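Contents: one structure, followed by commentary.
Computed from a predicted structure; not experimentally measured.
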Amino acid sequence: QQDITDSNEKSGDKNTEKKEKVLNVLLLGVDAEGYRTDVIILAQYNYHTKKVNMLQIPRDTKIETNRSDKKINSAYGFGKEEELFKAIKNLLGIDVDKYVLLNYKGFRELIDEIGGVKIYVPINMDYDDPFQGLSIKLKKGEQVLDGEKAEQFVRFRQNNDGTGYPEGDLGRVRAQQE
């Protein structure tokens, strides 16, 4: 796997001065209100190698900004894609070319449209949050998740009894990447 690099960097090929041509796309999942990007994945497509490299940026990543909320996931709420693109540029030195923004409804519909996703659920997931209208009920094991269950999978943090991923939020990040 190659590092994600700025589209203006020169190719590693010593026999050419040609620049690598890449497309930088942000894959974003917004919360129910549509203000915070709780999933931020930078996908970089290299036209020469035909490979895609992806980097997930944790939602709580601190950024330099004049706003009181210093987390990257709030940038979209303060200035839509322009503010988020600026935060990505400041953080990684990369210009964003395009973005895909999905809310929960769009996420569920996309998963249903492709016939579900095959996932290994690493632990039993049992969580209820009446304030968000969120109920997660998934059993451990390999299964094909429809849109509703896939949403439960990517939103899971911990069980009602406080147990959850052994590595904390990193488990949630891995689940979202799957």
Pairs touching residues 98-157 that satisfy ring pair (Phe, Tyr, Trp, His ring centres under 6.0 Å), sequence neighbours left out: Phe85-Tyr99, Phe156-Tyr165
Pairs involving residues 54-81, ordered by first then second residue, that meet ring pair (Phe, Tyr, Trp, His ring centres under 6.0 Å) (sequence neighbours left out): none
No-hydrogen, no-angle side-chain donor-acceptor test under 3.5 Å, Asp126 and Asn159: no
Shortest non-hydrogen separation from Asn73 to Asp38 and the atoms involved: ND2-OD1, 3.1 Å
Non-neighbouring partners of Val25 that pass side chain to side chain contact (heavy atoms under 4.5 Å, CB included), sequence neighbours left out: Leu23, Leu27, Lys98, Val100
Heavy atoms from other residues, nucleotides or ligands near CD of Gln177 exceed 12 (cutoff 6.0 Å): yes
4.5 Å side-chain heavy-atom contact, Met125 and Gln152: no
Least distance between heavy atoms, Ile72 atom then Thr37 atom: O-OG1, 4.2 Å
Side chain to side chain contact (heavy atoms under 4.5 Å, CB included) against Gln132, all qualifying residues, sequence neighbours excluded: Asp129, Leu134, Arg155
Nearest atoms (heavy-atom pairs only) where Ala150 meets Leu145: N-CB, 3.8 Å
Same apolar cluster: Val173 and Leu42, side chain cutoff 4.5 Å: no
Path from Tyr47 to Met54 over hydrophobic side-chain contacts below 4.5 Å: yes
Spatial distance of atom CD (Gln143) from atom NZ (Lys149) [nearest 0.5 Å]: 7.5 Å
Reported CZ-to-CZ distance for the pair Arg59 and Arg172, which is rounded to 0.5 angstrom: 6.0 Å
Within 6.0 Å of CD in Glu113, more than 12 heavy atoms from elsewhere: no
Single-linkage hydrophobic cluster, 4.5 Å side-chain cutoff, Ile88 and Leu55 together: yes
Side chains of Val30 and Leu101 in contact at under 4.5 Å (non-hydrogen atoms): yes
Heavy-atom closest pair, residues Asp128 and Ser135: OD1-OG, 2.8 Å
Rounded distance (nearest 0.5 Å) linking atom CD1 of Ile136 with atom CD of Gln158: 10.0 Å
Any Ile123 side-chain heavy atom under 4.5 Å of Thr163 side chain: no
Glu109/Lys105 salt bridge by N-O under 4.0 Å criterion: yes
Whether over 12 other heavy atoms sit under 6.0 Å from Glu64 CD: no
Lys137 atom NZ, neighbour heavy-atom count above 12 within 6.0 Å: yes
Pairs flagged by salt bridge (charged side-chain N to carboxylate O under 4.0 Å, His left out) wherever residues 72-87 is involved - sequence neighbours left out: Arg67-Glu83, Glu83-Lys86
Heavy-atom side-chain proximity of Leu28 to Leu84 below 4.5 angstrom: yes
pair Val154-Val39: side-chain heavy atoms closer than 4.5 Å: no
Gap between atom CG of Asn46 and atom CG of Asn53 - 0.5 Å precision: 8.0 Å
With Lys62 via side chain to side chain contact (heavy atoms under 4.5 Å, CB included) - residues at least two apart: Lys70, Lys71
ILVMFWY network linking Val52 to Ile41, side-chain heavy atoms under 4.5 angstrom: yes
Asn24-Asp95 side chain donor-acceptor pair, cut-off 3.5 Å: no
Donor-acceptor under 3.5 Å (Glu33 side chain, Asp31 main chain): no
Minimum side-chain heavy-atom gap Lys139-Asn124 below 4.5 Å: yes
